[in-house]
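A short worksheet on the structure shown next.
Letters A, B, ... are given to chains in the order of the sequence lines, protein chains preceding strands, and every chain is numbered from 1.
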Amino acid sequence: MYDVQKIRGDFPILMKGIIYLDNAASSLTPEPVLEKMLDYYRGYRANVSRGIHRFSQQASEEYEKAHSKIADFINARSDLEIVIVKNSTEAMNLVANGLKWKRGDKVVTSILEHHSNFVIWLRAKQKHGLKLDFIKPDEQGLVDLSSVEKIIDDHTRLVSITHVSNTLGTIVPVEEIVKIAHQHGALVMVDGAQSVPELETDVRRIGCDFLAFSGHKMCGPTGSGVLYVREELADQLEPLCVGGGAIEDVGLESFQLKKSPERFEAGTPPIAETIGLGAAVEYLKKIGMKNIENYEEALTKKMFEELTNIPNLKVYGPEPKHRIGITSFNVGDLNSHDVALALDATANIFVRSGHHCALPLMKNVLKADGGTVRASTYIYNTVEEVERLSSTLHEIATSLV
Amino acid sequence: MTHRAYEVYSLMPGKDCGSCSNPSCRTMARKIVAGDTKVEQCINLARPEYKDNAEKIRKLLEEGVEQGARGIVVVGEEGITYIHPCISEAGKVTAEARLTSGPEGEVELKYGFYDPVMMCWILSQSGIFNNLKCSPRLGVARVDVDGKTIMVFQDGRINVRKAKDRKDALQAIRLVSRTLWGSIICSCCGNTGVDCASGGCEDCVTRVCPVLAGGPPDPLASTRGPSDQTVTSTIFDRAKKLEAGEYFFEGVRRLDRVMSLLAEVAQKISEGQFDRPPIKAMNEDIDVANRLAIRFIVETPRVQDATIGLILAGVSLDIRRMVAGLEALAENRGTLLETSRELLREAVDIADRAYNAYRYVNFQEAEGVKEAYQNFRRRWKQLFMEQPSEQDVLVAIEKIATNGFYIARLLTKPIPA
């Protein structure tokens, strides 16, 4: 039994009378996560790895434990596959900069991507002479596997694709894409920023080589993110930064990097944030990712049914069965920012508006150059909140258009 | 779920008769929602044809009605709460200001900030903005001006997008906040600025109106706060010295023309000549006067002088309601009872005398009007009780006299100019 009221009790920020529907940008943080972080700051605040005293020992232990919890959460083979970064963007930059590229290597990404999985490849193209190709979704934002098969070939070094579109919420068949890519000897990076918070994620089942996700979208603190690196690949990947903590040995002429994950985590890491993220995945696990997935599916369906019944309102993307958590729309010819401001001012509803860092999708697929309004739900949102959004949008659509 | 205050307003009879001692149904609805007065205080809601509406309002109140924007607001430097680069427009800035309704800087918004009905109406009347979209129900307005998009919320927030820079944003906020001065609600009496400047606010007779004191909110004005408190009587002299004065005097000329027709039109209607009364032309003149009033408020440099424009807007509103009274009589098309005809003559006389007292600054005449109005009200009340079938006619007649009385009251109350 999914007890949304009990969950809401863990988020006192909701008592401010707001309806928070901007979860795809960042989720709220529950009390147990905040408590866990404060425990560190209040109880055993110290640096990790380098100290022999009790606080440093305890901090190191909690920091490492968080790696294990995260590894367990996505079913990684070991916590050595979990690299702590500050967000998905950094995780994907690490891969784009860290692989040893050869001129002419081909990278395949898609038109659905968030800029963080798009701009990095435009830059890598300039820097390393890569070839770029794009998987184009249909006008609904769905990816057809037969078109994927045509684009991925034996020259493809890496396929980097999102699991869930941050604009449309459409679910991309990443497992199948991984199979196709691996048949051609290509690596696969999955952008899990929107999927890991919503879907039960199993890196072994997906079969991907890299998975990037952000802690702050899944009840964790800001500044906490993860790059999953398949164990065998860790040594092939150059870290973004080198320095203290990442080094096995240093001489006057050379240095020796540690094994993963330390080799990627130079300098003092975000200790409190990582411990917080460990608490967040524990929190989500306690609710049950399958339960969350089912609950979010129901909310997404409700959202679709409500919004498609409003006159003058256009919902982008396919039926709810193809997506999770995210609904993009526009009201008449109103600018998306106007709608977002009106929702805030008249009903305390917080949504996102604009391009959602996905200009290629906006321009080439949705033909919504002015952007869209995006409502995104999470574990604490209720059917009543979706109804309130719907009734307010109904008022906007009938009286402000 | 709670209801919006606008729902209560939309169930009011909308006659703006003034019998409840509020100048409009907007103020009355607001006070009902705030619990300051009762549904029963509206004579029209008590009539059988509005029984259903009264019931619906009571039901809304039971279920809970939100006033729209209660709470305390504090204005920061220059009234700007934030300014940062636009999300979707490179090189442009977005800014938001939150206004307060007095010079104090911190006020409790008992009734909300802008009256949403008045807000939408003033924006549409002003002729300043493009692509106006306004929903009094939601309390949201959206306009374009000089490539900028501005959204106004009834809680007093003004959001500007696509401004060139900080100064450009401030100028846009200034334009809107000056334009909408008349729709700011006084937290003491529940009337808007223009209601007060129409003479419709009883409280202003005994104390200075906090909405009007200090002039319109203006993020670019160097000074704000109460200044030389003078009375309506000085506005004609002061306006002569101002560059924007021409707007004012042209507006006054338009209203003079409307008032010169009032008695004649009333006479014809009471004689049963309903065909083509010049109501439309009269309303057009009033529209022009109102537009010029707004222009004066926006363009006159010193905020303290803006009151002159608001009084013109207020008197325009009074005269508009008088003409609406005539229109209701013309539409009624029934033969007036002799008692009603007599009362109409009396009402028009009050209106004419009041307007002349105001135009030629005649305090004695203004006092005389007040006395005449008191007599009128006594007779009116008696007839209203005795003749249920004549009530629509009587409400229409009352509007003419009451708005005349408001104009006379402008001369005696201490509006700071």
**Q.** Proximity of residues 9-22 of chain A to chain B, residues having a non-hydrogen atom under 4.5 angstrom
**A.**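 Residues of residues 9-22 of chain A touching chain B at under 4.5 Å: none.
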Q) Using non-hydrogen atoms only, which part of B:Thr149 is less than 4.5 Å away from chain A: side chain, backbone, both, or neither? A) side chain
Close side-chain approach of [X] to [Y], heavy-atom, < 4.5 Å:
X: A:Asp338; Y: B:Arg161; answer: yes
X: B:Glu96; Y: A:Leu341; answer: yes
X: A:Glu395; Y: B:Val140; answer: no
X: B:Arg4; Y: A:Thr346; answer: yes

Q) Has the side chain of B:Arg142 got a donor or acceptor atom that lies under 3.5 Å from a matching backbone atom of A:Val339? A) no
Where [X] and [Y] come nearest, the two heavy atoms and their spacing:
X: A:Ala342; Y: B:Phe153; value: CA-CE2, 4.0 Å
X: A:Ser399; Y: B:Leu138; value: OG-CD1, 3.6 Å
X: B:Lys133; Y: A:Asp333; value: NZ-OD1, 3.1 Å

Q: Would you please test A:Ile396 and B:Arg137 for side chain to side chain contact (heavy atoms under 4.5 Å, CB included) and show each step?
A: CA-CA 9 Å; A:Ile396 292 173; B:Arg137 189 181 162 76; over 6 Å; no
Q: Could you pull out all residues at least two apart from B:Ala163 that satisfy side chain to side chain contact (heavy atoms under 4.5 Å, CB included)?
A: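 With sequence neighbours excluded, B:Ala163 shows a side chain to side chain contact (heavy atoms under 4.5 Å, CB included) to B:Val93, B:Lys148, B:Val160, B:Asp168, B:Ala169, given in chain and number order.
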